[in-house]
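Right, one structure below, let's go through it.
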Amino acid sequence: MHTQVIRPAGAGHETLAVLGACLVIVAAAAGYIGLREAPPEKAALAASQIDARRDLTPAEQGIYADLRVAYEEIGFALQAGEPLPSVADLSAQGLPPFVADNSTAARGGHAWRLQRQAGHALYVGQTADSALAGSFLLRAEDGAKNGHGHDHGKEADAQADVWLARDAGARVPDPADDAALAAAGWRQVVAQFDAGVTRQSKP
């Protein structure tokens, strides 16, 4: 008994067509990936700057976050025509890191003071334990010395200008401009947000 296998008409051509379509799809996908622009890289930090997310200790990150909130409150006070808040004022409002609480010693035991110079207000936190956190400096505009032409609204909207010194003996220069602070051992804390940060923040 002889068995004859009869192939469907055009089976070979259909297989070639499917393979060809797959090759076209793969080539198109490869071309798209090659032509797609790479995500922009974050700007390189200057030698006088430090990255808030990568280069701070946990205690320093907490203090930096608190200073950013306090900076907004200082700006709102100036915008409302109130005098520049003192360290005692900020502490009375319960604003960390100016208020002493149970976490103060665990984050370096900073002693805060307000210095005024050349139209700037400097909130300086001297660390008691540089192994936990360095000394901090929050630089803001001094509304009392800038006259009526100062736009207090910009103070509330701007980013906090925070500097860190890991050397417990670092001095505060006068005037405390960027170059002088850097020369005295202070580094500006910069918060950078790039694609990597966005991906890591997703659950």
Side-chain angles (χ1 to χ4, degrees), residues 41-75 84-142 155-156 158-201:
E41 297 182 358
K42 64 176 184 177
L45 293 178
S48 60
Q49 295 178 326
I50 188 171
D51 189 281
R53 187 171 64 95
R54 296 182 175 88
D55 301 327
L56 300 186
T57 67
E60 289 170 346
Q61 288 181 339
I63 295 172
Y64 174 67
D66 289 341
L67 287 175
R68 294 182 67 177
V69 175
Y71 182 81
E72 293 181 356
E73 295 299 325
I74 294 169
L84 183 75
S86 66
V87 170
D89 294 332
L90 297 173
S91 178
Q93 296 177 32
L95 281 175
F98 303 101
V99 61
D101 55 22
N102 295 332
S103 67
T104 301
R107 299 202 302 179
H110 292 73
W112 292 91
R113 67 182 187 273
L114 173 61
Q115 293 183 212
R116 282 174 153 151
Q117 53 175 247
H120 284 94
L122 309 176
Y123 294 89
V124 183
Q126 190 73 32
T127 183
D129 189 345
S130 57
L132 291 174
S135 297
F136 278 87
L137 183 152
L138 172 63
R139 188 170 59 179
E141 296 294 327
D142 189 345
E155 184 75 13
Q159 290 292 324
D161 189 8
V162 179
W163 293 72
L164 173 73
R166 295 263 169 74
D167 182 359
R171 64 179 183 85
V172 177
D174 187 359
D177 54 38
D178 290 1
L181 284 170
W186 294 85
R187 299 179 69 185
Q188 187 179 36
V189 183
V190 178
Q192 290 191 323
F193 299 95
D194 52 23
V197 176
T198 304
R199 286 193 295 269
Q200 292 180 14
S201 65

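Contact of the Leu56 side chain with the Ile50 side chain is registered, since non-hydrogen atoms from C-beta on lie closer than 4.5 Å. Considering only heavy atoms from C-beta on, Leu90 comes within 4.5 Å of Ile74 through its side chain.
Residues passing the salt bridge (Lys or Arg N to Asp or Glu O under 4.0 Å) test with Arg166, sequence neighbours excluded: Glu60. Listed by chain and number, the residues in a side-chain contact (heavy atoms from CB on, under 4.5 Å) with Pro58 amount to none (sequence neighbours excluded). The side chain to side chain donor-acceptor pair (under 3.5 Å) search around Gln115 returns Arg113, not counting sequence neighbours. In terms of the side chain to side chain donor-acceptor pair (under 3.5 Å) criterion, residue partners of Gln188 (sequence neighbours excluded) are, by chain and number, Gln49, Asp161. Scanning for side chain to side chain donor-acceptor pair (under 3.5 Å) contacts around Ser103 gives Asp101, with sequence neighbours left out. Partners of Asp89 under the salt bridge (Lys or Arg N to Asp or Glu O under 4.0 Å) rule, at least two apart in sequence or in another chain, do not exist in this structure. Remark: Phe98 engages Trp112, Tyr123 in a ring pair (Phe, Tyr, Trp, His ring centres under 6.0 Å) (not counting sequence neighbours). Under the rule for a side chain to side chain donor-acceptor pair (under 3.5 Å), Trp186 has no partner lying at least two apart in sequence or in another chain.
The only member of Leu138, Thr104, Asp66, Val69 that meets side chain to side chain contact (heavy atoms under 4.5 Å, CB included) when paired with Pro97 is Asp66.
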Please report, to 0.1 Å, the donor-acceptor pairs under 3.5 Å made by any side chain of residues 128-137, with sequence neighbours excluded.
| residue | atom | partner | partner atom | Å |
| --- | --- | --- | --- | --- |
| Asp129 | OD1 | Ala131 | N | 3.1 |
| Ser135 | OG | Thr127 | N | 3.1 |

Sequence neighbours left out, cut at 3.5 Å: what donor-acceptor pairs do the side chains of residues 178-185 make with other protein atoms?
| residue | atom | partner | partner atom | Å |
| --- | --- | --- | --- | --- |
| Asp178 | OD1 | Arg139 | NH1 | 3.2 |
| Asp178 | OD1 | Arg139 | NH2 | 2.5 |

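Between the CD atom in Glu72 and the CD atom in Gln159 there is a gap of 8.0 Å [rounded to 0.5 Å].
The two residues Val189 and Ala52 come nearest to each other via the heavy atoms CG1-CB, 3.6 Å. The two residues Ser86 and Leu114 make their nearest non-hydrogen contact at CA-CD2, 4.1 Å. Minimum heavy-atom separation, Arg107 to Ala59: CA-CB, 3.9 Å.
Among residues at least two apart or in separate chains, there is no salt bridge (Lys or Arg N to Asp or Glu O under 4.0 Å) pair with a member in residues 182-192.
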### Message
Pair Glu141, His120 - check side-chain contact (heavy atoms from CB on, under 4.5 Å), show working.
### Response
CA-CA 5 Å; Glu141 296 294 327; His120 284 94; 3.7 Å; yes

